[in-house]
Amino acid sequence: MNSKASVKFNEYGVPVSTTFDDIYFSIESGIDESQYVFLKHNGLPERWQDLTHQQCFTIAETGFGTGLNFLLAWQQFLEHAPTNGRLHFISFEKFPLTVQQLQQAYALLPEVESISSQFLSHYPSPEAGCHRLTFAEGRVTLDLWIGDVNELFPHWQTQAKRRVDAWFLDGFAPSKNPDMWQSQLFETMAMTAHEGTTYATFTAAGVVRRGLNDVGFAVHKVPGYGRKREMVCGQYQGQVVKPETQSVAPQTDSVVIIGGGISAACCAFSLHKRGVTTKVITPNLADGASGNPQGAVYPLLHAEHTPLSRFYWQAFSTALNTYRQYVPEHWQNSGVLQPAFNEQREQRFQKVASDLYNETTVRYLNAEETNKAAGIAIDTPALFYPQAGWLKPEPVVKSLFRQADSDIVNHNVQNISRMTNGGWRVSLSNGENIQAKRVVLATGHRFNELLPADVEPLPIKPVRGQITQVKTTTSLAHLKTVLCYKGYLVPESEGIHCLGATFNRGEADLATRLEDNEENLKQLCDNAKQSWTEELSVVGQRASVRATTPDHQPIAGMLDRGLYGLTGLGSRGFTSAPLLGEILAGLISNDTLPLTDDALARLSPARFRR
């Protein structure tokens, strides 16, 4: 079930929660209130002026609401912080507003229009979990957590330990929303605080003052904003220091990434946003599965919420944010249709669309609606993913590497060996040796071939797939969306459609096969049962190899000290890679990560260790 905000707008145009009978921001001036309560009483923006090179300032917030506090923090951070500083804003919201509700609320906030419009264009479908978005060329990161703080905090607070610099305690008043203002909140604040951590909140309620005092925060009453007589603010009194970030790496201390596909590109791009330089070793860029002419991007959704589907709908938000913002010229927001071509699929799709997910993520279309969305005859119901689409893999990969300013070394790696000083030696086919403290192995199905002898191999299996390129026809030229039956068909690009793909478990042969083209065409014809499938003529084909894992989850994490793995992305690499790149860059840089502890454990290589 989706938890949606129940909101009305009063005579002043201010949004009011009908659930909690409370306003989202001050009738007098929401901006002045936010500025006074949360920024000023956390010492902002003055504290940002002292940030050192690539230093990250982390704010945690309860109650995202309209996002006003985030927008003001983003705006003022860019105005006052050094150009190489970073802002990480982490916010929790149980009842997210819709895009339409946010648009109406922002009509009262013209002072932040330039950034609120940017935010709205990337606002995620409000599915449960964390949605990581980046803005301002990577200088501003938002982790928007959807869910109950009492359920999320226990699975988030460990990785955020001692990393939060300021807390914005927003949300509705304790008298209206007592469930949020429980001991779990104050205990999490203490766990994530260090000796310089501050907080501010609009309320001076006794339960709040006692809760803060009990876990070690000083409590100072100060005049409140507008009609509020008092508010409280203060600083953590514990003598604990913030962990050192590793993002401040000397330019000579590059992270070496082995691999030239989308996972390697996203890792390099995410490290670049943190000021970390990368040396990428690969014979060619986008020469594997990331080199297909077209690729679909959409989440994997099940007929019940599962850890796998949860990972993919969170990954989908980060993927959209990345492609729309950083490679828009190669992204097509066409939508994706999954036609219900048999009774079993129709029943499953109805379950998927039965209020399990937000309608901005997926919705069920009848046959007439499906035909209209597709632009051609489908004549069956379908699931429709309105925010999904397709991209051109090779230029996307190359663009991300360019934007990451990676040093590309076009050679094969012979082996990786451990050095006595704790680093790693990467030996190349030309006889050159490259030494590095941190190495990322992102080599797809060939992952185990390069592992050092004393590092346990992982159960990565190859799955060969061949795509078929077909010339567009008079009928098919009108196709507007990606069609996903058992295989997929992408709208035309320069008169050519990509159709695929075969699924040959355990095979890694890159030679193309005529019978695979026949299989792709027959599968489309059998599934679609439309005359337009009989008009197709083959003009090209390409084979590549997917890397898969037994549990279908990708692998992202540490293999050994300074050695990291990023593989097992299967057939949804372009959906998962941007989030996986953020996770691996966060591990290397000692950042707070955008998944719960249990979700991170399901990605870790350690899950396969005996």
Side-chain angles (χ1 to χ4, degrees), residues 38-39 42-61 64 67-91 111-124 130-144 160 163-166 168 242 245-249 251 255 265-278 317-328 399-406 578-579 581-586 588-594:
F38 297 107
L39 292 173
N42 272 295
L44 304 174
E46 291 78 13
R47 290 166 70 186
W48 290 331
Q49 297 170 3
D50 298 325
L51 294 180
T52 57
H53 179 72
Q54 289 299 332
Q55 187 176 356
C56 183
F57 190 94
T58 300
I59 296 171
E61 176 187 57
F64 185 75
L68 175 56
N69 295 335
F70 167 63
L71 296 177
L72 280 178
W74 170 3
Q75 184 183 66
Q76 296 204 15
F77 185 83
L78 295 185
E79 291 176 2
H80 297 280
T83 55
N84 53 22
R86 295 187 295 122
L87 174 66
H88 190 176
F89 197 101
I90 305 167
S91 189
E111 297 91 334
V112 293
E113 181 180 4
S114 63
I115 55 175
S116 65
S117 60
Q118 291 182 57
F119 173 63
L120 281 174
S121 68
H122 293 275
Y123 188 63
C130 182
H131 302 271
R132 169 158 290 188
L133 312 175
T134 65
F135 301 96
E137 299 181 339
R139 290 186 61 201
V140 176
T141 296
L142 170 66
D143 283 351
L144 178 55
R163 286 175 168 82
V164 175
D165 298 299
F168 289 6
K242 185 177 183 179
T245 176
Q246 297 182 28
S247 61
V248 191
Q251 295 300 304
V255 172
C266 287
C267 183
F269 186 63
S270 290
L271 286 167
H272 174 73
K273 288 185 286 188
R274 292 159 173 78
V276 180
T277 60
T278 54
S317 294
T318 304
L320 288 182
N321 173 249
T322 300
Y323 301 139
R324 288 172 175 172
Q325 187 166 195
Y326 300 108
V327 286
S399 178
L400 291 176
F401 275 127
R402 280 196 301 272
Q403 293 180 61
D405 199 24
S406 296
L579 179 58
E582 281 292 296
I583 289 168
L584 212 58
I588 292 171
S589 302
N590 207 18
D591 283 348
T592 303
L593 304 177

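Numbering starts at 1 and runs along the sequence shown.
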From Phe168 atom CZ to Leu72 atom CG, the distance as rounded to the nearest 0.5 Å: 9.0 Å
Check: Phe119 ring centroid to Phe64 ring centroid under 6.0 Å: yes
Sidechain-backbone polar pair: Arg132 side chain, Leu579 backbone, donor-acceptor under 3.5 Å: no
Lys273/Asp591 salt bridge by N-O under 4.0 Å criterion: no
Donor-acceptor side-chain pairing of Gln118 and Ser114 below 3.5 angstrom: no
Euclidean distance, Ile90 CD1 relative to Thr141 OG1, rounded to 0.5 Å: 9.5 Å
Under 3.5 Å: donor-acceptor pair, side chain of Gln403, backbone of Tyr326: yes
Distance (rounded to the nearest 0.5 Å) between Ser270 OG and Leu400 CG: 9.0 Å
ring-ring contact (aromatic ring centres under 6.0 Å, His included) partners for His122, two or more places apart: Phe135
Any donor-acceptor pair under 3.5 Å from Arg139 side chain to Leu87 backbone: no
Pairwise distance CD(Glu582) to CG(Leu271) - rounded to 0.5 angstrom: 9.0 Å
Heavy atoms from other residues, nucleotides or ligands near CD of Glu46 exceed 12 (cutoff 6.0 Å): yes
Report, one line per pair, each donor and acceptor closer than 3.5 Å where one atom sits in a side chain of residues 75-82; sequence neighbours left out.
{"residue": "Gln75", "atom": "NE2", "partner": "Glu111", "partner atom": "O", "Å": "3.0"}
{"residue": "Gln76", "atom": "NE2", "partner": "Gln35", "partner atom": "OE1", "Å": "2.3"}

Minimum-distance pair of heavy atoms, taken over all atoms of Gln325 and Thr134: NE2-O, 2.7 Å
Test item: Ile59 and Leu44 side chains (from C-beta on) under 4.5 Å apart, heavy atoms: yes
Donor-acceptor contact present, side-chain Arg163 to main-chain Asn590, <3.5 Å: yes
Whether over 12 other heavy atoms sit under 6.0 Å from Glu137 CD: no
Smallest separation among heavy atoms of Arg324 and Ser121, with atom names: NH1-O, 3.3 Å
Side-chain donor/acceptor of Asp405 to backbone N/O of Thr277, under 3.5 Å: no
Among Asp143, Thr592, Asp165, side chain to side chain donor-acceptor pair (under 3.5 Å) partner for His88: Asp143
Trp74 and Phe70 aromatic ring geometry - parallel, tilted or perpendicular at 30°/60° bounds: tilted
Backbone N/O of Ser317 and side chain of Asn321: donor-acceptor pair under 3.5 Å: no
Taking every non-hydrogen atom, the tightest pair across Ala136 and Val140: CB-CG2, 4.1 Å
Closest contact, heavy atoms only, Ala319 versus Pro578: CA-CG, 3.8 Å
Interatomic spacing from OG1 in Thr58 to CZ in Arg86 - rounded to 0.5 Å: 8.0 Å
From SG (Cys130) to CG (Leu593), nearest 0.5 Å: 9.5 Å
Non-hydrogen atoms of His272 and Ala404 that approach each other most closely: ND1-O, 3.2 Å
Smallest separation among heavy atoms of Leu133 and Pro124, with atom names: CD1-CD, 3.9 Å
